[in-house]
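Here is the naming used below: chain letters follow the sequence lines, and residue numbers restart at 1 for every chain. No hydrogens, no waters, no symmetry mates; every other heavy atom, side chains included, goes into these values.
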Protein chains: 2
Amino acid sequence: MAAKEAPKQRDAEATKGRILSAAKVEFAKNGLAGARVDEIADRAKANKRMIYHYFGNKDDLFQAVLEEAYVDIRTAEQKLELDHLPPREALEKLVRFTWQYYLKNPEFITLVNSANLHKARHLKHSKVIEVVSRKFVTMVGGLLDRGVAEGVFRPGIDPVQLNITIAAIGYYYLTNRFTGSIVFERDLTAPEALDERLQFNIDTVLRLVCITP
Amino acid sequence: MAAKEAPKQRDAEATKGRILSAAKVEFAKNGLAGARVDEIADRAKANKRMIYHYFGNKDDLFQAVLEEAYVDIRTAEQKLELDHLPPREALEKLVRFTWQYYLKNPEFITLVNSANLHKARHLKHSKVIEVVSRKFVTMVGGLLDRGVAEGVFRPGIDPVQLNITIAAIGYYYLTNRFTGSIVFERDLTAPEALDERLQFNIDTVLRLVCITP
DNA sequence: CAATGAAGTAACCAGATGGTGCATTAGCGG
DNA sequence: CCGCTAATGCACCATCTGGTTACTTCATTG
């Protein structure tokens, strides 16, 4: 039948996608309250009416953006295949990945901050989040167990606390890089500064987890 | 004559103070864009006109709130008198303090997040911040040096990185406690959970800094 | 090919929101 | 007790903003 990928003049999926991307940018830049629906429509090269047609209202659009952001990071994490690596290298790879993901996807951080400003009410009843999150926690738990079994990791470490710490030491540095650069009178965004921070973080985590760092 | 502390009907300082407190609450709860000037006026039991009279505009008011928040935490830190303690205990005390300050002053975290969403433009030319920050960095730097001299801390640790890490492992947990509770399917705000996190953080920092944790 | 429903558009609206003009009044110095 | 300055209050405005109404255009299919 129709040409497989004929450039349709009307394409619901494409429009929806453009709106979602545009919304991600706008929400990340200005927060939920600061984001402007008109601006999203413009950036998406769509009519504002389409936003309400596909997503209902501003809040629901934000929720859709947020869910997509979580699915994206969790999907990327699953592709790490940490099982194929010795525990210590796997752990280092996870710290590296987390840092680099935040660095390459700065909007993720801002979106999560906005979600938390609103006490995560946009995720509270999201089934998608539940599913992808569970796989993620399991992954790190498995890695810890394996490391303990092989005698390289300390036993008794709570995988949730470790997860939080790995995220924290990267996330905090990056969200607060603007105030941080002022407080510490040092450009925290310079490439060398970023490299230095990653090394420090790897060191921190290895010292926390490994028996002989 | 009137009693020494006669409640004046007109009191510029008091009104200014009420506006500042009210603004802190409102900005912390809703962010810069989400905060409502009328709501601030109501909460301060002041007329909206007064806000513009004393602070100029919404942005300048936000800046005033932010500066006060920074001065407050830095002042509290200076009162710790870490010099009077052995390095190891001093470090633990600092980690404890940071955690508890965030817990007791949750608005600090949200305000800093808002400031960073706006790339810290509200602090960029603030002289106050510069002064209080410098004293703070010096304090931790001094502690590290002393610990190294006494042979209990590893040498070569960057005080800025350490500062950031101490803040990060508490701050991240607390800002993201809402999404975190969903992702990890565990109530991160329960008192036991908070205690557990503090212990984990102390452990993390001591392992990072001390020669024999 | 007509009809049908979905995709898309433009103009519009009501309420909210940051910000002001101006009159009023308290309190202090003289 | 007077007059001046700074504190306060009210009413008001211009604009913005999320959301909607009413309409057109396209693509598919019976």
Side-chain angles (χ1 to χ4, degrees), chain A residues 1-27 29-66 114 117-118 121-122, chain B residues 1-27 29-66 114 117-118 121-122:
Chain A
M1 1 244 111
K4 319 114 214 261
E5 287 300 342
K8 297 179 210 165
Q9 294 187 332
R10 299 189 160 199
D11 188 333
E13 284 312 305
T15 305
K16 244 165 130 168
R18 287 202 320 279
I19 291 174
L20 221 42
S21 311
K24 188 196 282 183
V25 173
E26 176 71 3
F27 282 132
K29 201 154 76 173
N30 302 311
L32 176 51
R36 297 293 160 239
V37 177
D38 289 282
E39 178 60 31
I40 294 172
D42 279 2
R43 200 189 300 266
K45 287 187 219 299
N47 189 281
K48 184 164 59 153
R49 195 66 191 80
M50 291 292 92
I51 293 177
Y52 291 93
H53 186 249
Y54 290 124
F55 296 96
N57 59 37
K58 194 185 184 185
D59 254 57
D60 289 349
L61 175 59
F62 182 72
Q63 172 166 344
V65 167
L66 205 59
S114 284
L117 183 62
H118 297 273
R121 69 158 199 270
H122 299 90
Chain B
M1 38 259 61
K4 320 117 210 261
E5 289 299 343
K8 295 183 211 162
Q9 295 187 332
R10 297 189 163 198
D11 187 332
E13 284 312 305
T15 305
K16 245 165 130 166
R18 288 203 318 282
I19 290 174
L20 221 41
S21 310
K24 189 197 283 182
V25 174
E26 176 72 3
F27 282 131
K29 202 154 73 173
N30 302 311
L32 176 50
R36 296 293 159 240
V37 177
D38 289 282
E39 178 60 31
I40 293 173
D42 279 2
R43 199 189 301 264
K45 287 188 218 303
N47 191 281
K48 183 165 60 155
R49 197 71 192 73
M50 292 292 91
I51 293 176
Y52 291 93
H53 184 52
Y54 290 125
F55 296 96
N57 60 36
K58 194 186 184 186
D59 254 57
D60 288 349
L61 176 59
F62 181 73
Q63 172 166 344
V65 167
L66 203 60
S114 284
L117 183 61
H118 296 273
R121 68 159 198 270
H122 299 90

### Query
When the distance from CG of B:D11 to C1' of C:dC28 is rounded to whole Å, what number comes out?
14 Å
#### Entry: Interface residues of residues 53-66 of chain A with DNA chain C (non-hydrogen, below 4.0 angstrom)
A:H53, A:Y54
### Query
Does a side chain donor of either B:D59 or B:Q63 reach within less than 3.5 Å of an acceptor in the other side chain?
no
### Task
Send over the distance from B:N30 CG to C:dA16 C1', rounded to a whole Å.
15 Å
### Task
Let me know the distance between CD1 of B:I19 and P of D:dG9, rounded to the nearest Å.
10 Å
### Task
Return yes if some donor-acceptor pair links the side-chain N/O of B:N47 with the main-chain N/O of B:M50 below 3.5 Å, else return no.
no
### Query
What's the CG-P distance between A:D42 and C:dA10, to the nearest Å?
11 Å
### Task
Tell me what A:A14 touches on the nucleic acid: a base, only sugar-phosphate, or nothing, going by heavy atoms under 4.0 Å.
nothing
### Task
Measure from the side chain of B:K48, starting at C-beta and using heavy atoms only, and say which of D:dG18, C:dG8, C:dG19 lies closest.
C:dG19
### Task
Would you mind telling me which of B:V37, B:L66, B:I40 makes a side-chain contact (heavy atoms from CB on, under 4.5 Å) with B:L61?
B:I40
### Message
Check B:R36 with B:D42, please: is the shortest side-chain N to carboxylate O separation under 4.0 Å?
### Response
no
### Nucleotide D:dT21, atom C1' - distance to CE of A:M50 in whole Å
13 Å
### Message
From CZ of B:R36 over to P of D:dG18, roughly how many Å is that when rounded to an integer?
### Response
10 Å
### Minimum-distance nucleotide to A:T15 side chain [options: D:dG18, D:dA7, C:dG8]
C:dG8
### Task
Send over the distance from B:D38 CG to D:dC12 P, rounded to a whole Å.
16 Å
### Task
Assign each of B:R49 and B:Y52 to its nearest nucleotide of DNA chain C by heavy atoms, then name whichever residue's nucleotide is nearer the 5' end.
B:Y52
### Query
Checking side-chain contact (heavy atoms from CB on, under 4.5 Å) for the pair B:H122/B:L32: CA distance, chi angles, key distance, verdict?
CA-CA 11 Å; B:H122 299 90; B:L32 176 50; 3.6 Å; yes
### Task
Would you kindly give the CD1-to-C1' distance between B:I51 and D:dA7, to the nearest whole Å?
15 Å
### Query
Which pair of heavy atoms, one from A:S114 and one from A:G31, lies closest together, and at what distance?
OG-CA, 3.5 Å
### Message
Has A:K58 got a side-chain atom pairing as donor or acceptor with A:A35's backbone, closer than 3.5 angstrom?
### Response
yes
